[in-house]
Amino acid sequence: VITDGAVEFRLRNRYRFGEGSTIVQDMVAYAGSPRIDFHTLIHWKEKHCMLKAGFDVDVLASTARTEIQFGYAERPTTRNNSYEYAKFEVCNHKWTDVSEGNFGVAIMNDCKYGISVNNCNLRLSLHRSGTHPDGTGDAGDHEMTYSLFVHNDAFCAKNVVREAYCLNVPAVVIEGHAADTKPFLHIDRENIVCEAVKPLESGERGYCLRLYECEGNRTATKVRFSTQAKSIWSANMLEEEEAELSVANRTICLQFHPFEIKTILVRM
């Protein structure tokens with residue numbers, strides 16, 4: 001036991017196997033969250049040996065949701081034909097979720113993007129140990145965090161997607177001076193995600209927003225800005241203007257189709 005306090009309980013395990021490979025793993029349970037993190041340090045010396053983290057979960061689901069960029073794909077959890085057998089491993093970005101009507105389990109990660117799901121037994125790929133083209137490419141020290149997250153309701157952005165972002169983009173603590181904590185913008189629907197804020201490609205004074213709908217639901221939302229803009233435009237992904245948006249009280253109204261991506265240009 002490493003820590004046992006008001007914020008977290010941390011249990012450290014050490015493993016040794018094979019040709020001198022070692023794993024040091026902290027399992028972390030938090031007081032204010034159902035998420036359990038597995039912070040893992042690996043010193044790897046094996047070749048052609050696959051390392052996976054397995055979770056056998058008691059969930060009845062014919063498909064698993066696996067995150068892809070700007071949305072998710074549904075993959076079968078069964079092996080009934082050759083097409084399903086060919087999906088023995090699929091890509092997932094920040095999370096994979098299997099859910100019933102009002103219960104589900106998600107496996108989240110911060111840098112490991114392959115997973116297999118067979119009858120809701122989830123196996124996250126941690127290390128491949130390949131030797132081509134670089135014979136020592138996977139050897140050495142590696143650090144990663146993956147998480148087990150149980151939610152007692154249906155899959156939605158508020159539980160799974162938000163929690164995966166919290167794992168991948170943790171809060172930054174600023175010390176030594178006063179920090180402006182005023183929100184940059186506010187979106188009134190949980191399933192609309194602001195994925196990026198960047199300077200305008202044109203070089204004008206302002207910024208570009210990349211927003212997307214993450215649940216697969218048609219959604220109407222309002223986006224409120226903290227400062228007044230000169231003008232706000234919808235654009236394509238090349239930042240070519242399409243239409244000027246109506247602004248009232250620093251707020252714009254947007255309509256999203258399922259998994260739709262929107263680019264918004266804000267000129268100051």
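In this chain, numbering begins with 1 at the start of the sequence shown.
Nearest heavy atom pair, residue Arg224 against residue Asn249, reads NH1-O, 2.8 Å. Across every non-hydrogen atom of Ala53 and Leu126, the tightest pair is CB-CD1, 4.0 Å. Closest non-hydrogen pair, Ala6 versus Ala31, comes out as O-CB, 3.2 Å. Of all non-hydrogen atoms in Lys87 and Pro76, the two that sit nearest each other are CD-CD, 3.9 Å. Closest approach of Met237 and Thr263 over heavy atoms only: CA-OG1, 3.9 Å.
Side-chain contact between Ile23 and Leu51 is present, with heavy atoms from C-beta onward closer than 4.5 Å. Contact check for Leu167 versus Lys94: no side-chain heavy atoms found under the 4.5 Å cut-off. Residues Met268 and Lys230 fail the side-chain proximity criterion, which asks for heavy atoms closer than 4.5 Å. In this structure, the side chains of Asn217 and Pro258 stay at 4.5 Å or more apart for every pair of heavy atoms. Side-chain contact check for Leu124 versus Asn92: some heavy-atom pair is nearer than 4.5 Å. Side-chain contact between His257 and Glu213: absent, with no pair of heavy atoms (C-beta onward) separated by less than 4.5 Å. In this structure, Asn168 and Met108 have side chains that are not in contact, with every pair of non-hydrogen atoms separated by 4.5 Å or more. With contacts defined as side-chain heavy-atom distances shorter than 4.5 Å, the pair His142/Thr40 does not qualify.
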List the steps, then state whether side-chain contact (heavy atoms from CB on, under 4.5 Å) holds for Glu190 with Val161. CA-CA 9 Å; Glu190 294 277 358; Val161 179; over 6 Å; no
Could you go through the side-chain contact (heavy atoms from CB on, under 4.5 Å) check for Asn109 and Met144 one step at a time? CA-CA 8 Å; Asn109 77 93; Met144 66 208 70; over 6 Å; no
Take Asp37 and His39, measure what side-chain contact (heavy atoms from CB on, under 4.5 Å) needs, and give me the verdict at the end. CA-CA 6 Å; Asp37 288 348; His39 178 249; 5.8 Å; no
Decide yes or no on salt bridge (Lys or Arg N to Asp or Glu O under 4.0 Å) for Asp56 and Arg123, but give the supporting numbers first. CA-CA 9 Å; Asp56 298 336; Arg123 303 284 187 267; 2.9 Å; yes
Apply ring pair (Phe, Tyr, Trp, His ring centres under 6.0 Å) to Trp44 and His127, showing your working. CA-CA 9 Å; Trp44 195 255; His127 221 57; 4.8 Å; yes
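Expressed to the nearest 0.5 Å, how far CD1 of Ile115 lies from OG of Ser125 amounts to 8.0 Å. With rounding to the nearest 0.5 Å, the separation of CG in Asp188 from NZ in Lys222 is 7.0 Å. From Leu245, atom CG reaches atom CH2 of Trp233 across 9.0 Å, with rounding to the nearest 0.5 Å. Here the CG atom belonging to Asp4 is positioned 12.5 Å from the CZ atom belonging to Arg10, to the nearest 0.5 angstrom. Separating the CZ atom in Phe225 from the OG1 atom in Thr251 is a distance of 8.5 Å, to the nearest 0.5 Å. Taken from CG in Leu41 to CD in Gln25, the straight-line distance is 9.5 Å, to the nearest 0.5 Å.
For the pair Asp110 (side chain) and Thr145 (backbone), a donor-acceptor distance under 3.5 Å is present. Panel note: side chain Arg65, backbone Ala106; no donor-acceptor pair is recorded below 3.5 Å. Distance alone, capped at 3.5 Å, places no donor-acceptor pair between the Tyr72 side chain and the Cys214 backbone. When atom types are taken as modelled, the side chain of Glu19 and the backbone of Ser21 share no donor-acceptor pair closer than 3.5 angstrom. Using modelled atom types, no side-chain atom of Asn119 and backbone atom of Asn121 make a donor-acceptor pair closer than 3.5 Å. With hydrogens and angles disregarded, a donor-acceptor distance shorter than 3.5 Å links the side chain of Asn236 to the backbone of Leu238. Of the possible donor and acceptor atoms, none in the side chain of Arg75 sits under 3.5 Å from a partner among the backbone N and O of Ala64. Judged by distance alone, the side chain of Thr77 and the main-chain N or O of Ala61 form a donor-acceptor pair under 3.5 Å.
The aromatic rings of Tyr146 and Phe38 lie parallel to each other, their planes meeting at an angle below 30°, with 60° marking the opposite boundary. Between Phe184 and Tyr207, the two ring planes are tilted [angle within 30° to 60°].
Residue-environment remark: CZ (Arg79) exceeds the threshold of 12 foreign heavy atoms within 6.0 Å. Residue Phe88 places its CZ atom among 12 or fewer non-hydrogen atoms of other residues, nucleotides or ligands, all under 6.0 Å distant. In His43, the NE2 atom is crowded: over 12 heavy atoms of neighbouring residues, nucleotides or ligands sit closer than 6.0 Å. Heavy-atom neighbours of Arg162 CZ from other residues, nucleotides or ligands within 6.0 Å: at or below the threshold of 12.
Scored by the side chain to side chain donor-acceptor pair (under 3.5 Å) test, Lys262 finds Glu260 as partners (sequence neighbours excluded). The side chain to side chain donor-acceptor pair (under 3.5 Å) search around Glu100 returns none, not counting sequence neighbours.
Remark: aromatic rings of Phe256 and Tyr212 are distant, center separation not under 6.0 Å.
Defined by atom type and a distance below 3.5 Å, a donor-acceptor pair is missing between the side-chain atoms of Glu46 and Ser129. If you check the side chains of Tyr113 and Glu67, you find no donor sitting under 3.5 Å from an acceptor.
Linking ILVMFWY residues whenever their side-chain heavy atoms come closer than 4.5 Å, directly or via other members, places Leu185 and Ile252 in the same cluster. A continuous path of Ile, Leu, Val, Met, Phe, Trp and Tyr side chains, each step under 4.5 Å between heavy atoms, connects Leu254 with Val197, placing both in one hydrophobic cluster. Tracing side-chain contacts under 4.5 Å through hydrophobic residues (I, L, V, M, F, W, Y), one never reaches Val57 starting from Leu60; they form parts of separate clusters. No path of Ile, Leu, Val, Met, Phe, Trp and Tyr side chains, each step under 4.5 Å between heavy atoms, connects Val117 with Tyr83, placing them in separate hydrophobic clusters. In the hydrophobic clustering of ILVMFWY residues, with side-chain heavy atoms under 4.5 Å counting as a link, Leu148 and Phe9 come out together.
For the pair Glu204 and Arg267, the salt-bridge criterion is met [side-chain N within less than 4.0 Å of a carboxylate O]. Ion pairing between a basic and an acidic side chain is recognised when a charged N comes within 4.0 Å of a carboxylate O; Glu89 and Lys52 show such pairing. The pair Asp26-Arg14 does not count as a salt bridge, with every side-chain nitrogen at least 4.0 angstrom from each carboxylate oxygen. A salt bridge links Glu239 to Lys198: one of the charged nitrogens lies within less than 4.0 Å of a carboxylate oxygen.
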Scan the side chains in residues 149-157 for donor-acceptor partners under 3.5 Å anywhere in the protein, sequence neighbours excluded, and list what turns up.
from   : atom 1 : to     : atom 2 : distance (Å)
His151 : ND1    : Asp153 : O      : 2.7
His151 : NE2    : Asp97  : OD1    : 2.8
Asp153 : OD1    : Asn159 : ND2    : 2.8

